[in-house]
Amino acid sequence: MDIRIALAGNPNSGKTTLFNKLTGSNQFVGNWPGVTVEKKEGKLIVDKEVVLTDLPGIYSLSPYTLEEVVARNYLIEERPNAILNIVDGTNLERNLYLTTQLVELGIPVVIAINMMDVVRKNGDKINIQELSRQLGCKIVEISALKGTGVKEAAAAAVEAAQNGKTIPQHTFSGPVEHALAHIEEAAVHGLPEEQQRWYAIKVFERDDKVLEQLKISKETLDHIEKDIQAAEKELDDDAESIITNERYLYIAEILKSSYKKHKAGQLSTSDKIDKVVTNRWLGLPIFALVMALVYWIAMVGVGASATDWANDGLFGDGYHLFGIGTSAYEEEAEAYGDAMNAISAFYELDTEAENFDADAALAELKTVTGEGTATVTVEDEETLATEDMTVYFDKVPEDAGDDVIGMSFQDAVAYVEEKGFEEPDPAEYGVWVPGVPALVDKLLCDEEGEPRVADWLYGLIQDGIVAGVGAVLGFVPQMLVLFLMLAFLEACGYMARIAFVLDRIFRRFGLSGKSFIPMLIGTGCGIPGVMASRTIENERDRRMTIMTTTFIPCGAKVPFIAMIAGAIFGGSPLVSVSAYFIGMAAIVISGIMLKKTRMFAGDPAPFVMELPAYHWPTLGNVLRSMWERGWSFIKKAGTIILLSTIAVWFLSRFGVVDGAFRMLEEDEIGMSLLGRVGSAIAWIFAPLGWGEWRAVVASVTGLVAKENIVGTMGVLYGGGEGTVYQALANAFTGITGYSFLVFNLLCAPCFAAIGAIKREMNSRKWTWFAIGYQCLFAYAVALMINQFGGLFTGNMNVIGLIAALIVLCGMVYMLFFRKYQEATKLEKTVKI
Amino acid sequence: MKTLRDVTVGNTVKVVQLRGEGAVKRRIMDMGITRGTEVFVRKLAPLGDPIEVNVRGYELSLRKADAEMIEVE
């Protein structure tokens, strides 16, 4: 049979480093069942028969925090063959507190005292033999960072697992031991002998989780209660505190004889750094600087080019290797665009007509006469905004403004005479690497570019599968960049300081100071934003952050916001500013309301947090943490993203036309199954002011990727008289347009972000709760905007108004009148 | 009775008693703030709350509201 060893220790004790050193790449990373706490297992490098389980970093085995309950349930229920307890040698007192609890479990314990190199450098002395005797277990000196003693620690743990035994050496004071003896006799004598002491102490502490498990009869309980109360009276404290107190007293006692500190009271390097970094006056500016740097690298500097490369290059047409040829191509493409615009101002040119003849067109162009200027309407590809630009016939003046095309008509004719009417092909510049869709095309199509397979299969592969895989992988490079920085901030110790600096603001909304990073990142992209919530240690704060991060408008929503602003609000910049304010307000309001709900009220979240010493992280650990998070996104979120993308592709590209079910062209989305679904459910959105199938369909395609909303609306509202913007202005009023905008900002995010939410929540129930809440909240806010807006503009609807008033009252009640009570015990039960 | 909340930055005090019950009290004690422990108040966060203290040789942060539960002398 395999040997199972549990690795236990305080946070920041070097546990992860040791785990990585012991298991190398033989790791499996997942979650503990039903909770958002990460679980890691691995096989020892030196002995593949031994499975090492990395328990959450904990300070104690209390029943109050999720991590501690997870760890102790694993230890009690799975009963590993041995515990390897890593102890930070530079902070023995607090670290050994956990040790005193571990040795009582009746499982062999081996202690690995870490950071021995630092201890020696400081000139401190630890008497290992003496300490080992006092604690009743074998001790190995290690330095996980340098890798010294690590093999010996593993060997000692394996040895202990096979034939070791740990008997707790310390005794509590007389009255406590008296009560414990009674408890052992009355309540736990049926249990295996080596487990009795641990259970007896827990019963003495009135640990609700253990009492629930043991199911002690009422009479016995009453009997025991008398003993506990007697001890409490004699020692003038409650049972739990007595035990905690005496453990620390005991540790102080044994350290007296086995530990000598060389010099006390001097400021360490870490203290000096912290004096500056969390300084009363410099703390906030330094924090702003660090955040600006993180944002810039993750979202602008490195991240944006990584995402563009992955989405438009690798999963788009293709890319120039190392950017060779990109600028040459872009120059050429711009010149071509200017030339085409300049020509169309004076001459109607259709290069896509079937009977297009380049020579004839050129000859005709040369005969065009004109003078002065003409105007041409140019459409922005991203937002579909149109702008009138001036074109000069013979020569562009030197002092031409921004609204003038950079090439005159005559220059444009000369341009096409030299280079032809063909659009420049990026593949002809520099080193061109075709993207995945282009490569798949090569497989699926013949020389003429016609698919060799049925149209539907081609569509399924390209627009369904390849696009779906692209949606999964497209965000990974940017995510890796972000995770690299987060891992660095966590490992060096600054992440804890972020919580320290921001706690005062964020705790009001039921969030942690560490929630700031996910939200900041969320302004760029919600997917890494949601994934960044992993750094928050408290589960309640983590879940709250996961649920609210995507309220912040991400980069993909920007073109959509610009479209609504341009089409309906005359391009007012206030619209996009208000979108960010609404996002922030949604987080604050949701935070305050949700923390009072039953879903969130169950977990106590004391903010009593260690501020670990600053230290330089190791590259290996940082890279590994980055990779683990990126990979877990691909694995856990990939399926849902892929399937949803395929489903929406199918719904939007198939439909019944003239009584026959067939595949549709891209601009026939109006006849698709999705269009039918949109018509069928449009009434739901009527109270929001836009109960119209086109708006509904656009919102659904936004689930694949939010920037799709613009494209879909272009197809559905375009094609008639006038531009898309004019059609939108006719279809929406200011109020219904704003309601539509707000709904799409706040409702369920894109599938990729939903996948990330599912990965982080690690629970079907919580994922649905999050998505459901977001949609409901979006609906409520949009309803209020439309109904109250209608009241002021004279479009009052009595029923709608009453509904909006009810929603408003509900929110006001939740925000201001409902009382909030911090839980004092952990309600959740954890099944290992 | 004076509590940890009232201690000005830069002072060292001794814990007399812990008030309250449940999760927060246990957490504070688990982190090493028990009867008789010496606590050095190192600093206030830039926004005035929480506080940072040094206890048993390491740095710990806790909110003022929780510091109120710790009676000191």
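Letters go in sequence order (proteins before strands), and every chain restarts at 1. For the numbers below, each heavy atom of this structure counts, side chains included, while hydrogens, waters and symmetry mates do not.
For B:Ile51, the part sitting under 4.5 Å from any heavy atom of chain A is the backbone (N, CA, C, O) and nothing else. Neither the backbone nor the side chain of A:Ser270 comes within contact range of chain B; no heavy atom of the residue lies under 4.5 Å from a heavy atom of that chain. Contacts between A:Asn245 and chain B at a heavy-atom distance below 4.5 Å involve backbone atoms as well as side-chain atoms. Looking at A:Glu246, there are no atoms closer than 4.5 Å to chain B (heavy atoms on both sides), in backbone or side chain. Heavy atoms of A:Phe500 lying under 4.5 Å from chain B belong to its backbone as well as its side chain. Interface residue A:Glu240: only side-chain heavy atoms are found under 4.5 Å from chain B. Contacts of A:Pro612 with chain B are absent, with no heavy-atom separation under 4.5 Å from either backbone or side chain.
Between atom CD of residue B:Glu52 and atom CE of residue A:Met609 there is a gap of 9.0 Å, rounded to the nearest 0.5 Å. If you take OG on A:Ser62 and NZ on B:Lys25, they are separated by 13.5 Å, rounding to the nearest 0.5 Å. Remark: B:Leu60 CG to A:Leu611 CG distance equals 7.0 Å, nearest 0.5 Å. Atoms CG and CD, from A:Asp236 and B:Gln17 in turn, are 6.0 Å apart once rounded to the nearest 0.5 Å. Rounding to the nearest 0.5 Å gives a distance of 4.5 Å between CZ of B:Arg26 and CD of A:Glu205. Distance check: B:Leu18 CG to A:Asp238 CG gives 9.5 Å after rounding to the nearest 0.5 Å.
Contact tally against chain B (heavy-atom pairs below 4.5 Å) for A:Gly283, A:Ser60, A:Ala496: the top residue is A:Ser60. When each of B:Ala65, B:Gly48, B:Gly36 is scored by its heavy-atom pairs under 4.5 Å with chain A, the top score falls to B:Gly48. Between chain B and the residues A:Tyr248, A:Tyr59, A:Tyr97, the largest count of heavy-atom pairs under 4.5 Å involves A:Tyr248. Top candidate by heavy-atom pairs under 4.5 Å with chain A, chosen from B:Ser61, B:Gly57, B:Ala45, B:Gly20, is B:Ser61.
At least one side-chain heavy atom of B:Met31 sits less than 4.5 Å from a side-chain heavy atom of A:Glu610. For the pair A:Trp281 and B:Pro46, the minimum side-chain heavy-atom distance is 4.5 Å or more. For the pair B:Lys43/A:Thr278, a side-chain contact is recorded, criterion being any heavy-atom separation below 4.5 Å from C-beta on.
Residues B:Asp30 and A:Arg94 are not paired through a salt bridge, judged by the lack of any N-O separation under 4.0 Å between the basic side chain and the carboxylate.
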If you apply the rule salt bridge (charged side-chain N to carboxylate O under 4.0 Å, His left out), what do you find for A:Asp274 with B:Arg42, and how did you get there?
CA-CA 11 Å; A:Asp274 204 44; B:Arg42 192 181 292 284; 5.9 Å; no
Step by step, would you call A:Asp271 with B:Glu59 a side chain to side chain contact (heavy atoms under 4.5 Å, CB included)?
CA-CA 9 Å; A:Asp271 293 337; B:Glu59 305 297 318; 3.9 Å; yes
Could you go through the salt bridge (charged side-chain N to carboxylate O under 4.0 Å, His left out) check for A:Arg507 and B:Asp49 one step at a time?
CA-CA 11 Å; A:Arg507 67 163 172 239; B:Asp49 193 14; 2.6 Å; yes
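Around the CD atom of A:Gln229, the shell of radius 6.0 Å holds more than 12 heavy atoms that belong to other residues, nucleotides or ligands.
A distance-only check finds a donor-acceptor pair linking the side chain of A:Arg504 to the backbone of B:Leu47 [under 3.5 Å].
For A:Arg280 against B:Leu44, the heavy-atom pair with the smallest separation is NH1-CD1, 3.6 Å.
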